[in-house]
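Here is the naming used below: chain letters follow the sequence lines, and residue numbers restart at 1 for every chain.
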Amino acid sequence: MDYKFNEIEAKWQKYWAENKTFSAATDSSKPKYYVLDMFPYPSGAGLHVGHPLGYIASDIYSRYKRLKGFNVLHPMGYDAFGLPAEQYAIQTGQHPRVTTFQNIDRYRSQLDRIGFSFDWDREVRTCDPKYYKWTQWAFLKMFQSWYNKDTDCAEPVTELVARFEEAGNKGVNAACGDVPEFTAEQWKAFSEKEKADILMQYRIAYQGETSVNWCPALGTVLANDEVKEGLSVRGGYPVEQKKMKQWQLRVSAYAGRLLDDLDDLQWSDALKEMQRNWIGRSYGAQMVFKVTNPDPADGSKSDRTYDMEIFTTRADTVFGVTFMVVAPESDWVEKLTTASHKAEVDEYIAQVKKKTERERIAETKTVTGVFSGSWAENPFTGEKVPVWIAEYVLAGYGTGAIMAVPAHDSRDYAFAKKFGLKIIPLIEGCDVSNESFDAKEGIMVNSGFLTGKTVKEAIPAAIEEVEARGIGHRTVNYRLRDAIFSRQRYWGEPFPIYYKDGIATPVPESELPLELPDIETFKPAENGEPPLARAKDWTYNGYPLEKSTMPGFAGSSAYYLRYMDPDNDQALVSTEADNYWKDVDLYVGGTEHATGHLIYSRFWNKFLYDLGYVCQKEPFKKLVNQGMIQGRSNFVYRIKNTNTFVSKGLKDNYDTTEIHVDINLVYNDRLDVDAFRKWRPEYENAEFILEDGEYVCGWAVEKMSKSMFNVVNPDSICEKYGADTLRLYEMFLGPVEMSKPWDTKGIDGVHRFLKKFWRLFFGGGEGLGDFSLSEEEPTAAELKILHKLIGKVETDIESFSYNTSVSAFMVAVNELGALKCNKRKILVPMIVLLSPFAPHIAEELWQLSGHSESVSFADFPMYQEEYTREDSFEYPVSFNGKTRFKLSLPKSLDKEEAEKAVMEAPETEKYLAGKPVKKVIVVPGRIINVVF
RNA sequence: GCUCGGGUGGUGAAAUUGGUAUACACGCCGGACUUAAAAUCCUGUGGACAGAAAUGUCCGUACGGGUUCGAUUCCCGUCCCGAGCACCA
């Protein structure tokens, strides 16, 4: 009987769906295991062969864990709000919901074809009101919470109000915006609007005016992680900085916890490192400099003096401060510009504003700046130093102002050189004639009370002095900014916020979800407002509702919780479900979410944890980053100005143009010339210069994309080879974490393996008869093959080395084939072992072998009990009191026997006789090789 | 520039983490079965040298050093490749 994979796969996929084989019940006596894939955005292009890589890996793991007796939750859903559907809607008028649902259907059928063990009863779609009810709910919770730095925990705003009423805001240690101190009496005297404005500064979801990434082409603001190199990640449009009032999430309040808790996660070092950099903690001091504007530009009164606070990690270098710098966007610019410098400053600010973010980044090497006219006083030396305005200081980090120490900071150095400012070296023996000395090492000189100390001693000593003088304090700064949470778009979650007399007011929880209204066209409104301005009656109780919508990461931040209890309309997740499923044990997805989704999710989870809605402080215990599968493109070489194509090996003899050719016209880099002629009308009469009668194509690894004609569709692979072959082959290509090009060439080998495996059950390798298994007892050699494989596969699955497991299967099947082994006691366990990788063929053979239930390890006590690995132990061989080498000896030998074996080995004798042994190779049982 | 990963046959990649380097697969060479092709199966396949042959010797894991009886693995230096961050004071 032939291996008819198409029939087998269709049969079992239908069986799994009808019997809900993979549905996970929450009330279970079994231990839980939660395996999650990053849910996809259903794009119009459908899945290519690269997308399922991670899904296959996690599916293997899920199936393996089920076999091991775990109650596995393995859900799938769709991140269904997003820009592409909306842009398509703007162009075509097609409602984004329609396109999104069509794409979801396409994804679903493609996923089903690969035979995943998803529990589809738990599917979520972020654009479904039943789902986004809970996104809105979480937003309201954030709106109604503030961050108490004393308890390091989010707490209800109602409690904060109670404190204000009792004692004002004195002693309230909150992560918040700038709020002046007020007493209880003052608080009570404030108007409603004033109170609302003050509370807004404290809320975790708050509205604030800050410099944001504005993308004119997309007509929306973007979060920091949605911008790369000054261009929007989606679409690649220029982004500029603009001051706007936007909803934000106070992620920065959680920066410390987000950083510290990283240590306990089983994530790759690379990913943790990325998050650490993104959060960017630096220890230093905040310090006040007196600055004086001798001649304010507005002329109101002259000689105004301020306390200007700066942040530095190098408090030890205060004696080397020769100027100060403030960011062009900072409020200091206005305060410090003198009448005589106003013209220059205005021009400079105008110039800076004109630049796009991209230009600014591209020109980081160019030093620009302007003198404000004001002077600052060095608190340690009393010396007057000029205050400059320069782009290289960022408004958003620290206080937006710095003390410049050109001798020991390369940026300050470049600035000082350009504008002829003084450079005072502070470290013994350093040479600052050509570059600054940035290293934190050496002995301090020219530094008053710090002179003679090492840098490491001087930093804390300087901070102590600063604190003693009351001009500053030790502090920690983070790069992580608050996340901008509103988007001027249609296809996203509406904010459950309305404006009552200009005060942002939450829509009552009981009214959620606040559903996205239908509108006619999806463009921004004529007055420049977001598309929701076009909605009829977008009001609540007659008050206008918020017109922007939430960003993509809103819906994806807590979806892993929703899978635990997807149909609950009373809570995001019930306490019962949360206490059972707890957290994601294994999360599989790409690194591209390192500084976006994976930060926001952790923040979101911690917030819910603070409020007691979830029981774990981290959402994703273990994370595996699957690599990208790139395309492998093929090229043909056309001789310029002709319709003649020359084979790759001969192309250097001609002047040629490289042209992408559809990889479906190429096999093993050999072009099907007839198919090529038919491919495009312009190639109909193409001529070829062949080598050895064949046209050899060139190739390159590129992104898989339609324009490169290198997209491989999983459906066509399933059609030709079957889903089991696809699954096995994707794993066989290399380690899951590694990026690698797709090359269909090797797939035959894997397919051949499955056929050989199949054949073992149909006549033990001698042609295909009927299904038959011998009841004979296996020989030692056969058992060894099986047990070796069991050990290998188990360790491989646990360590995600699926590629080597597949190899191990091939070896075992070849060996069993050579032995013509078709014994039940060997082959049936083999089915079980293979089932996570190639579930369809496994189910079929399992059924044929007379079992009724789905594949399970439970029927194989031998798997747990009888199997022991032929482990060896290391036996150290000592000589002259020093361990000279270790011999690996089988465990079955006891120590005395082992010693005897080693001492009696002729090789050891030679070694002891003084001849240096280069190599003693020992396998369990015997010494097989000694090299002198 | 800074921070992480990596460099092993013609190709994708293994190597129990210090113990026979190149498992497994692709590709290629040769062969079997075929009128033929496809499919399938078998043999060989890092390099150099010696030999009719089995086989043997030497060199080989980016490069140069070091530690070790022994290094793809550990240490130091150099060169490349990839990823992330990028004026973060």
May I ask you to evaluate whether A:Ser282 reaches the phosphate of B:rA89, defined as a side-chain N or O under 4.0 Å from OP1 or OP2?
-> yes
So, is A:Asn803 near the phosphate of B:rA14, with a side-chain N or O under 4.0 Å from OP1 or OP2?
-> yes
Separation of atom [atom1] in [X] from atom [atom2] in [N], rounded to whole Å:
| X | N | atom1 | atom2 | result |
| --- | --- | --- | --- | --- |
| A:Phe837 | B:rC24 | CZ | P | 18 Å |
| A:Asp796 | B:rC24 | CG | C1' | 12 Å |
| A:Arg281 | B:rU3 | CZ | P | 19 Å |
| A:Ile629 | B:rG12 | CD1 | C1' | 12 Å |
| A:Lys418 | B:rC87 | NZ | P | 18 Å |
| A:Asp748 | B:rA38 | CG | C1' | 12 Å |
| A:Trp758 | B:rA39 | CH2 | P | 22 Å |
| A:Leu789 | B:rC24 | CG | P | 14 Å |

Pairing partner (Watson-Crick or G-U wobble, both distances under 3.5 angstrom) of B:rC49 = B:rG56
Test side chain to side chain donor-acceptor pair (under 3.5 Å) applied to A:Asn477 and A:Ser282, step by step = CA-CA 5 Å; A:Asn477 233 313; A:Ser282 42; over 6 Å; no
What's the gap between [N] and [M] when it is taken at their [atom1] atoms, as a whole Å value?
| N | M | atom1 | result |
| --- | --- | --- | --- |
| B:rC4 | B:rU55 | P | 49 Å |
| B:rC79 | B:rA89 | P | 28 Å |
| B:rU68 | B:rU16 | P | 24 Å |
| B:rG46 | B:rU8 | C1' | 11 Å |
| B:rC33 | B:rC24 | C1' | 27 Å |

Could you please name the option among B:rA25, B:rG84, B:rC85 that lies closest to any side-chain atom of A:Phe732?
-> B:rA25
Could you verify whether a donor N or O on one side chain and an acceptor N or O on the other, from A:Thr591 and A:Asn625, lie under 3.5 Å apart?
-> no
Mind checking [X] for me? I need base, sugar-phosphate or nothing, with any heavy atom below 4.0 Å counting as a touch.
| X | value |
| --- | --- |
| A:Ser268 | nothing |
| A:Arg276 | nothing |
| A:Lys756 | sugar-phosphate |

Would you kindly check if the NZ (Lys) or CZ (Arg) of A:Arg602 is within the cone defined by 45 degrees around the ring axis of A:Trp278 and under 6.0 Å from the six-membered ring centre?
-> no
Just one of A:Trp758, A:Phe732, A:Tyr721 clears the ring-ring contact (aromatic ring centres under 6.0 Å, His included) bar with A:His751, so which one?
-> A:Tyr721
When you look at CD of A:Glu435, are more than 12 heavy atoms from neighbouring residues, nucleotides or ligands closer to it than 6.0 Å?
-> no
